[in-house]
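For ligands, and for the atoms within them, numbers begin at 1 and follow the listed sequence. Just so you know, residue 1 is the first one in the sequence shown, and it goes up from there.
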Amino acid sequence: MAASLPDVDSVKAKALRAFAENFGGQAAVCAYAPGRVNLIGEHTDYNEGFVLPMALPMVTVIAGRSHGGKKTRVLSLNDVVGATNEFEFEAGSRADIKPGEPKWANYIKGCIANFICDVPAFNAVIVSTVPAGAGLSSSAALEVATYTFLETLSGKKPEKPEQKALACQKAEHDFAGVPCGIMDQFISAMGKEGCALLLDCRDLVTKQIPMLHIDNYAFLITNSNAPHKLSSSAYCERRDCCYEAAKMLGKKSLRDANMNDILALTSRNASDRIVKRARHVVTEIQRTLNAAVALEKGDFQQFGRLMNESHDSLRDDYEVSSKELDSLVSAAREVDGVLGSRLTGAGFGGCTVTLLRKDAVDKAIQHMKAKYPGTPAFYIATPSGGAREISVN
Ligand code: NG1
Ligand code: MG
């Protein structure tokens, strides 16, 4: 069976208990934000294309209260590899906050530094059920949960949720040093129960896509538990190829390119590598739009086909799959009742996502376990809600 996740209430209860034990008294403010899985639209965000993620039932909860002192202290109940799970810092104003050690604290500091006003010093406890390093956006969950916590703590929030997502993205850029796109923070802030979110990464317009008739189907996430090899250098290489292809075509980004442009690249002597990278992006943007239409109609067969095409394009043209991800995807596709399976996230390791009939879930897990040489972990991804404040009572 897939791992069953504790619900938000039990994660909250754990955070509240730990707050009382470690800081004394009751937490006054509590908030959470979810991780995410991208259903389709891979390596399209930095090409100003479309992505179609959904929020997960895995969440990061933060509970705390402000105090009259100067030091902000935060304790994480999750194991933090190679670092202390507690930190404190003093900052008179937002502008004084600087990144440092431990690294995980930078996501929190970055949110405080990028909040709309100065916030009072506070004590807080963090608990997360989003696995770290799996490509399910534990970093965005931490940022968006922190930002939501600060909204309640200060009683101030930006006018639009877009501003919150952008502030969290800036926290990741400036404090964690990760030049990430905007998908993760948008879906963590704006996810809606029962829906996927179609996000136009050019103008940041969003559309909630209700998953009609999802009751008979499920999205199964499989964590390959294989290390991400060479991921950051390979990621930058792919991005640079896309920018070069757009430049050769005289376009602002590959969002503006079509299949004729791919042919034009060949006649302009672009390398085979650039042509393949660009072809993935152009076809993937179209697949994402088609997938949103299919989902809205409840056409899961078509959605699954598009997921398969997405994986094959990531494997053959974008070359970001790995033998582990390919083996999980091939095994999944052998199971009766599986409609589509693909890698999700940047690739080179991390997770796959599989669309299947609910009655095929157990069989699919057994088969993937039997065929995969490593030790995978499984999660059922129910389309869940985005960040919000939760009552401490
Ligand atoms: P993952 O591997 O899920 O962190 C990365 C990027 C996304 C996007 C995908 C590929 C970061 C933090 N995230 O996602 O913005 O480009 O790859 O679609 O770099
Ligand atoms: Mg991340």
Can an N or O of [X] be found at a distance shorter than 3.5 Å from an N or O of ligand 1?
X: Glu172; result: no
X: Glu42; result: yes
X: His43; result: yes
X: Ala346; result: yes

Would you kindly say whether [X] and [Y] are connected by a side-chain donor-acceptor distance under 3.5 Å?
X: Asn85; Y: Ser76; value: no
X: Asp316; Y: His280; value: no
X: Ser253; Y: Glu48; value: yes

Side-chain donor/acceptor pairs under 3.5 Å, residues 333-342, sequence neighbours excluded:
{"residue": "Arg333", "atom": "NE", "partner": "Asn308", "partner atom": "OD1", "Å": "2.9"}
{"residue": "Arg333", "atom": "NH1", "partner": "Asp312", "partner atom": "OD1", "Å": "3.2"}
{"residue": "Arg333", "atom": "NH2", "partner": "Asn308", "partner atom": "O", "Å": "3.2"}
{"residue": "Arg333", "atom": "NH2", "partner": "Asn308", "partner atom": "OD1", "Å": "3.4"}
{"residue": "Arg333", "atom": "NH2", "partner": "Asp312", "partner atom": "OD1", "Å": "3.2"}
{"residue": "Arg333", "atom": "NH2", "partner": "Ser341", "partner atom": "O", "Å": "3.2"}
{"residue": "Glu334", "atom": "OE1", "partner": "His367", "partner atom": "NE2", "Å": "2.6"}
{"residue": "Glu334", "atom": "OE1", "partner": "Lys371", "partner atom": "NZ", "Å": "3.0"}
{"residue": "Ser341", "atom": "OG", "partner": "Thr354", "partner atom": "OG1", "Å": "2.8"}
{"residue": "Arg342", "atom": "NE", "partner": "Ser310", "partner atom": "OG", "Å": "3.0"}
{"residue": "Arg342", "atom": "NH1", "partner": "Asn38", "partner atom": "O", "Å": "3.1"}
{"residue": "Arg342", "atom": "NH1", "partner": "Leu39", "partner atom": "O", "Å": "2.9"}
{"residue": "Arg342", "atom": "NH1", "partner": "Glu42", "partner atom": "OE1", "Å": "3.4"}
{"residue": "Arg342", "atom": "NH2", "partner": "Glu42", "partner atom": "OE1", "Å": "2.6"}

* For ligand 1, does Glu284 get within less than 4.0 Å through its side chain, its backbone, both, or neither, judged by non-hydrogen atoms? -> neither
* Result of checking Lys251, Arg279, Arg268 against Asp261 for salt bridge (Lys or Arg N to Asp or Glu O under 4.0 Å) ->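 With Asp261 as partner, salt bridge (Lys or Arg N to Asp or Glu O under 4.0 Å) holds for just one option, Lys251.
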By number and element, which atoms of ligand 1 are closer than 4.0 Å to a non-hydrogen atom of [X]?
X: Arg36; result: 1 (P), 3 (O), 14 (O)
X: Cys180; result: 11 (C), 12 (C)
X: Tyr46; result: 16 (O)
X: Gly181; result: 15 (O)

* Asked: How are the rings of Tyr235 and His43 set to each other: parallel, tilted or perpendicular (split at 30° and 60°)?
  ->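 The rings of Tyr235 and His43 sit tilted, inter-plane angle from 30° to 60°.
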* Asked: Out of curiosity, is Arg238 lining ligand 1, as in a heavy atom under 4.0 Å away?
  -> no
* **Fellow cluster residues of Val127, listed by chain then number, with links counted only when side-chain atoms sit under 4.5 Å apart** => Val8, Val11, Phe19, Phe23, Tyr32, Val59, Val61, Leu75, Leu77, Val125, Ile390
